Every structure is written in structure tokens, then in C-alpha cells.
Amino acid sequence: MFLSPIFAMFRTNVPHTIRKINVSQPLFFQIKWNSSIASSKNKFIQEKIYSDSDSDSDWDSCAEKGKSEFWRRKMRTFHGILDINKDGVISFDDFKILVDRFIYLGHLDLHQQKEFNEVVQNMWEERWGTINPYNLVTTEQYLEDMHHVVNDRQLRQKVHNFLPYLFKAVDKDKNGYITAEEYKLFFNCLGLPKEVSLVSFTAVDENLDGRITLKEFVKTGRDFFLTEDQRKPSKLFWGPLVK
């Protein structure tokens with residue numbers, strides 16, 4: 001995830017100005033889930049990134065994936081990001097709070113918000129079943145789930161579906177790329193220190209032109225989940241790895 005999945009919460013009078021997000025405060029706006037599918041444009045982008053991803057070369061052999069300690073360390077890192085309240089488990093409420101942080105920046109229109117929520121809900125239900133307060137995902141459960149994902153072709157193709165919405169949420173001027181300053185918004189929503197965002201930004205900015213395109217963002221984010229190559233810059237996508 002995102003990840004698996006995120007919820008249906010948004011408000012129509014979201015301010016279109018940048019402001020500091022209070023990462024410790026949940027929001028309490030909820031809407032009904034929309035059943036529409038993601039836009040064809042987003043699907044095209046996702047399919048193009050899937051075909052171009054560096055991590056695709058990792059699947060030439062029939063060997064089982066997701067067994068290295070390095071890969072498990074990455075998954076533990078992401079589980080920790082999703083665990084908003086740091087109680088050791090992931091709940092759907094954690095996802096709702098995380099998604100709300102991105103939506104509350106005010107840069108996604110209502111249609112994008114609905115798509116974002118739908119993608120996340122589908123992810124949750126596909127991986128962990130029903131949405132209820134007692135459906136909690138431990139670190140080991142998450143590792144087991146992601147091990148299944150990286151060894152299933154269909155699930156691998158969808159592992160990055162939520163990433164375009166994170167990009168668009170922090171692209172405040174909607175010019176199709178994000179700067180180092182906008183990338184700080186990304187880290188702020190994740191609850192990560194802004195000071196380390198530059199290291200991650202540089203890793204994602206493959207051509208070192210000082211800005212990140214949607215393709216660079218999604219491609220590197222996807223590689224984080226799939227590749228076991230420690231040389232790949234994607235290991236820094238979600239900040240420093242846990243010990």
C-alpha cells in the first residue's frame with residue numbers, strides 16, 4: 001500500500017492553499033464508496049509504468065520472490081508508515097487517516113478523491129477482506145501478504161495503483177511534476193521528517209533535473225515493493241529503512 005487501501009472521506013470545501021498537516025489528528029468526514037473504475041488515463045499510465053519498470057527484470061526466473069532479509073526490511077518499513085497510531089498493527093482507520101492527509105491538501109478534485117478511495121478500498125478487501133475495527137494486520141501478516149503479492153503476476157500489476165493519487169495530491173500547481181519543496185508535502189503526509197525528504201527526492205529523480213515526473217514517481221515507488229536489488233534507489237522511496 002497505499003497500501004492497501006484507503007477510504008472514502010473528503011469534503012467539498014477543501015481549501016486550495018498549502019498548509020501544514022497535523023499528522024496526529026484524524027479527520028471525521030466520510031462518504032459512500034463510489035463504484036466507478038479508475039480513469040482510462042490513469043490505467044494507461046499505470047500499464048506503461050508496469051511495462052517499463054526496472055523490477056520487471058527480476059521476474060525472469062521461476063524462483064520464489066520476497067525471501068531476502070533486505071526485501072523484508074523494506075516491507076517492515078512500509079508497514080510502520082501505514083501504522084499511523086504506532087500500535088503495531090494496521091487497521092482500515094489507519095488508512096483513512098493517511099488518505100485524508102493527502103486529500104486535505106486540497107489538490108485532488110472530487111472525481112480523483114473518489115477514484116483514490118475506491119482504489120484503496122479494493123486493495124484492502126482483496127488482501128485482508130472485510131472492513132471492520134477488528135480486522136487488524138500485524139507486521140508478520142503484512143509480510144506474508146506482500147510475499148503473496150510479489151509472487152502473483154496479477155497482484156504485482158496492481159501494487160502501484162494508489163501511487164498516482166499521492167503524486168497528484170502533492171503536485172500543488174498541477175504542472176505534471178513535483179519539486180523538492182512539494183516532495184516535503186509527501187513526507188509530511190507520511191509523518192516522516194522533512195529533513196530526510198531530500199535524500200529520497202534525489203533517489204527518485206532519476207535524471208537529476210531537479211523535478212520528479214509522474215512516471216518517475218510511480219516507477220520508483222513500484223520498484224520499492226518488487227525489487228530485491230539493494231543497489232536500486234527505490235529503497236529510499238519511503239524514507240530510511242528500519243533497522
Side-chain angles (χ1 to χ4, degrees), residues 1-3 18-21 23 42 45-46 48-58 65-66 68-84 98-99 101-108 116 146 150 156 159-243:
M1 318 188 73
F2 114 122
L3 193 284
I18 299 300
R19 66 177 181 172
K20 181 177 177 61
I21 299 298
V23 298
N42 280 342
I45 293 172
Q46 292 167 8
K48 182 69 169 64
I49 291 168
Y50 171 74
S51 64
D52 291 348
S53 178
D54 289 343
S55 56
D56 294 339
S57 61
D58 294 350
K65 310 301 179 184
S68 69
E69 177 55 33
F70 170 68
W71 180 86
R72 291 174 63 85
R73 186 181 171 196
K74 289 196 297 178
M75 297 309 104
R76 289 196 300 270
T77 298
F78 191 61
H79 181 276
I81 291 174
L82 297 179
D83 180 15
I84 300 298
L98 187 59
V99 174
R101 292 177 184 174
F102 283 97
I103 288 179
Y104 211 55
L105 291 173
H107 307 141
L108 296 176
F116 189 14
M146 288 306 298
V150 299
R156 288 201 306 270
V159 74
H160 60 289
N161 281 2
F162 67 99
L163 293 174
Y165 301 98
L166 306 187
F167 179 94
K168 292 176 182 179
V170 298
D171 180 16
K172 63 181 182 180
D173 48 13
K174 304 182 187 300
N175 59 6
Y177 59 84
I178 54 180
T179 63
E181 282 301 309
E182 290 172 320
Y183 204 80
K184 290 179 182 179
L185 290 177
F186 175 51
F187 265 47
N188 191 40
C189 288
L190 297 176
L192 297 173
K194 291 182 179 181
E195 307 79 67
V196 299
S197 66
L198 184 58
V199 176
S200 178
F201 178 87
T202 304
V204 180
D205 181 18
E206 291 185 330
N207 59 3
L208 301 178
D209 63 352
R211 61 186 190 179
I212 296 173
T213 64
L214 174 61
K215 180 178 178 180
E216 287 176 320
F217 184 86
V218 178
K219 176 177 177 292
T220 309
R222 180 177 186 268
D223 286 345
F224 175 90
F225 296 108
L226 301 184
T227 186
E228 298 191 59
D229 188 343
Q230 299 188 42
R231 298 168 298 178
K232 300 291 186 183
S234 57
K235 64 185 177 184
L236 300 173
F237 187 83
W238 303 101
L241 299 181
V242 297
K243 300 297 184 181

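Keep in mind that what you see is a predicted model, and the values were worked out from it rather than measured. FYI, the numbering just counts along the sequence from 1.
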query = Going by heavy atoms in the side chains, are Val204 and Tyr183 under 4.5 Å from each other?
reply = yes
message = Is there a side-chain contact between Asn207 and Glu216 in this structure, where contact means two heavy atoms from C-beta onward sitting under 4.5 Å apart?
response = yes
task = Would you give the length of the straight line joining atom CG of Leu98 to atom CG of Leu166, rounded to the nearest 0.5 angstrom?
result = 7.5 Å
message = What's the separation between atom CD1 in Ile81 and atom CH2 in Trp238, rounded to the nearest 0.5 Å?
response = 6.5 Å
inquiry  = Donor-acceptor pair, distance only, cut-off 3.5 Å: does the side chain of Arg156 make one with the backbone of Val150?
reply    = yes
ring-ring contact (aromatic ring centres under 6.0 Å, His included) between Phe162 and Tyr165, intermediate numbers included = CA-CA 6 Å; Phe162 67 99; Tyr165 301 98; 9.1 Å; no
request  = Calculate, to the nearest 0.5 Å, the distance between atoms CG and CG belonging to Asp171 and Asp173 respectively.
outcome  = 5.5 Å
inquiry  = Between Phe102 and Leu185, is the side-chain contact (heavy atoms from CB on, under 4.5 Å) condition met? List the steps.
reply    = CA-CA 9 Å; Phe102 283 97; Leu185 290 177; over 6 Å; no
key: Under 3.5 Å donor-acceptor, Lys74 side chain and Phe224 backbone   = yes
message = Between Glu182 and Lys172 (side chain of the first, backbone of the second, donor and acceptor by atom type, cut-off under 3.5 Å), is there such a pair?
response = yes
query = For the side chain of Gln230 and the backbone of Phe70, is there at least one donor-acceptor N/O pair under 3.5 Å apart?
reply = no
note = The reported gap from NZ in Lys235 to CG in Leu241 (rounded to nearest 0.5 angstrom) is 7.5 Å
task = Look at the side chain of Thr227 and the backbone N and O of Asp223, then say whether any donor-acceptor pair between them is shorter than 3.5 Å.
result = no
remark   = Between Lys174 and Leu108 the two heavy atoms that sit nearest each other are NZ-N, 4.4 Å
ask   = Do Lys219 and Glu206 have side chains that get closer than 4.5 Å, going by heavy atoms?
value = yes
key: Nearest heavy atoms of Leu105 and Ala169, plus distance in Å   = CD1-O, 3.5 Å
inquiry  = Is it the case that the side chain of Ser234 and the backbone of Gly221 share a donor-acceptor pair, with hydrogens and angles ignored and the cut-off at 3.5 Å?
reply    = no
request  = Considering non-hydrogen atoms only, spot the tightest contact between Glu228 and Ser68 and give its length.
outcome  = OE1-OG, 2.7 Å
ask   = What's the spacing between Phe167 CZ and Thr213 OG1 if we round to 0.5 Å?
value = 6.5 Å
inquiry  = With rounding to the nearest 0.5 angstrom, report the CD1 to CZ distance, Ile84 to Arg101.
reply    = 4.5 Å
task = Compare every heavy atom of Glu69 with every heavy atom of Arg76, then report the nearest pair and how far apart it is.
result = NH2-OE2, 2.7 Å
request  = Check for a donor-acceptor pair, side chain of Ser200 on one end and backbone N or O of Leu236 on the other, with a separation under 3.5 Å.
outcome  = yes
inquiry  = Under a 3.5 Å distance rule, please check whether Trp71 uses its side chain to pair with a backbone N or O of Phe225 as donor and acceptor.
reply    = yes
pair Ile178-Phe186: side-chain heavy atoms closer than 4.5 Å = no
query = Got a salt bridge between Glu181 and Lys184, using NZ or NE/NH1/NH2 to carboxylate O under 4.0 Å?
reply = yes
message = Please find the pair of heavy atoms, one from Phe116 and one from Ile103, that lie closest to each other, and give the distance.
response = CD2-CG1, 4.1 Å
key: Nearest non-hydrogen partners of Thr77 and Pro240, listed with the distance   = CG2-O, 3.7 Å
task = Side-chain contact test, heavy atoms from C-beta onward, threshold under 4.5 Å: evaluate it for Leu163 versus Leu214 and give yes or no.
result = no
ask   = Would a distance-only check, ignoring hydrogens and angles, find a side-chain to backbone donor-acceptor pair under 3.5 Å from Arg73 to Val242?
value = yes
